[in-house]
Amino acid sequence: EDEITLFERDMKEFWIDFKSVYGTEQINQTLSLRDSCKGSIEVLSAKWSKKLKEGDLMIDKIQEYNNEILQQSKCISEKEEQLTETKLNQEEEQQKNLTDSIQELKEELAKQMQIMSSKDKAVKEKMERLGKSKVLFEECLGLEIRRIHNEQLQFIFRHIDHKDPDKPYTFTLSINEQGDYEVTSCTPPLDCIAEFQLKVRETNNFPAFVANIRKAFTALSYK
């Protein structure tokens, strides 16, 4: 709600400046387009925030399963080594216990692998739905999102500089080893990018993060 209030305030200031540049007819047309876009942005921001949170939870769960699988794989290796070392000098019953234990671990590992596969499929389906939402954001905000090398996402804004609407303003985002959002590049550079990056790590409000960067680019275009 705070982000929306700030956004509305900035929009009012923008239109005051805008009226000094454009005619009444152009302003009326632009106001109508602005109101339409504003409603779409609010609805889509809420949906994106919810879906991104669900995606983060799903990714955390998959990571948890991966850790369990790694631990179980390590345990299997250790027990197989024990079985190899004791085959010649252990009693048959002890060997059978080890064999049964290894078999149980393998069965549990197979179950975990199946669960992880199902979770991965669910994540892919969510990402497909997010992709459809992305198209709507591109139309409303002049935003283009590209997947580039090293699993990074590049965000390209246009329609910011009223003198050159096609001029691109870009930043590149990745997920670091700690699972946090990290901006790896920004063109043109923004002094406030570190502040925005810290805030999105604290709030996990990704739509607000994108909106803040676009707002900063817009302010920069008037300098």
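Worth knowing before you read on, the calculation uses all heavy atoms, side chains too, and leaves out hydrogens, waters and symmetry mates. Given the structure is predicted, the values throughout are model-derived calculations rather than measurements.
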>> Let's go through Lys215 and Asn212 carefully: what are the C-alpha distance in whole Å and the side-chain angles of both, what is the deciding distance for side-chain contact (heavy atoms from CB on, under 4.5 Å) to 0.1 Å, and is it a yes or a no?
In response: CA-CA 5 Å; Lys215 189 187 302 181; Asn212 284 335; 4.1 Å; yes

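- For Asp191, the CG atom counts as loosely surrounded, since its 6.0 Å shell holds 12 or fewer non-hydrogen atoms of other residues, nucleotides or ligands.
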Just do the side-chain contact (heavy atoms from CB on, under 4.5 Å) check on Lys106 and Ile102 with the steps written out, would you? CA-CA 6 Å; Lys106 286 183 176 180; Ile102 291 171; 3.7 Å; yes

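- With salt bridges taken as basic N to acidic carboxylate O contacts below 4.0 Å, none links Lys12 and Glu8.
- Here OG1 of Thr184 is found 9.0 Å from CG of Asn150. Values are rounded to the nearest 0.5 Å.
- Residues that satisfy the side-chain hydrogen bond (donor to acceptor under 3.5 Å, both in side chains) test with Asn66, not counting sequence neighbours, are absent from this structure.
- Within a 6.0 Å sphere centred on CE of Met11, heavy atoms belonging to other residues, nucleotides or ligands number more than 12.
- Linking ILVMFWY side-chain heavy atoms closer than 4.5 Å, directly or via other members, places Leu105 and Leu109 in a single hydrophobic cluster.
- Under a hydrophobic clustering in which Ile, Leu, Val, Met, Phe, Trp and Tyr are joined whenever their side-chain heavy atoms come within less than 4.5 Å, directly or via other members, Val210 and Leu153 fall into the same cluster.
- Among Thr170, Ile193, Leu173, the one residue that satisfies the side-chain contact (heavy atoms from CB on, under 4.5 Å) test with Ile213 is Ile193.
- Going from atom OH of Tyr65 over to atom CG of Asp60 covers 12.5 Å, rounded to the nearest 0.5 Å.
- In terms of modelled atom types and a separation under 3.5 Å, the side chain of Ser73 and the main chain of Ile69 share a donor-acceptor contact.
- Across Arg214 and His159, no two heavy atoms sit closer than the pair NH2-O, 3.6 Å.
- Looking at Glu68 and Lys111, no side-chain N of the basic residue comes within less than 4.0 Å of a carboxylate O on the acidic one, giving no salt bridge.
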Solution key, residues 194-202 side-chain donor-acceptor pairs under 3.5 Å, sequence neighbours excluded:
{"unit_1": "Gln197", "atom_1": "OE1", "unit_2": "Val183", "atom_2": "N", "d": "2.6"}
{"unit_1": "Lys199", "atom_1": "NZ", "unit_2": "Glu3", "atom_2": "OE2", "d": "3.2"}
{"unit_1": "Arg201", "atom_1": "NE", "unit_2": "Tyr181", "atom_2": "O", "d": "2.9"}
{"unit_1": "Arg201", "atom_1": "NH2", "unit_2": "Tyr181", "atom_2": "O", "d": "3.1"}

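- Phe155 is linked by a ring pair (Phe, Tyr, Trp, His ring centres under 6.0 Å) to Phe171, Phe206, counting only residues two or more places apart in sequence or in another chain.
- Hydrophobic clustering, with ILVMFWY side chains joined whenever heavy atoms are under 4.5 angstrom apart, groups Phe7 together with Tyr222.
- Around the CD atom of Gln114, the shell of radius 6.0 Å holds no more than 12 heavy atoms that belong to other residues, nucleotides or ligands.
- When all heavy atoms of Thr218 and Ile160 are compared, the closest pair comes out as CA-CG2, 3.6 Å.
- A pairwise comparison of heavy atoms in Cys186 and Phe217 identifies SG-CZ, 3.7 Å as the closest pair.
- Atoms CD and CD1, on Glu64 and Ile59 in that order, are 14.0 Å from each other to the nearest 0.5 Å.
- With rounding to the nearest 0.5 Å, the separation of CD in Gln152 from CD in Glu182 is 9.0 Å.
- Rounded to the nearest 0.5 angstrom, Arg158 CZ and Asp166 CG are separated by 6.5 Å.
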Walk me through whether Gln63 and Asn67 qualify under side chain to side chain donor-acceptor pair (under 3.5 Å).
CA-CA 6 Å; Gln63 185 60 45; Asn67 293 337; 3.2 Å; yes

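- A donor-acceptor contact closer than 3.5 angstrom links the side chains of Gln112 and Glu108.
- To the nearest 0.5 Å, the span separating CG on Asp10 from OG1 on Thr5 amounts to 11.0 Å.
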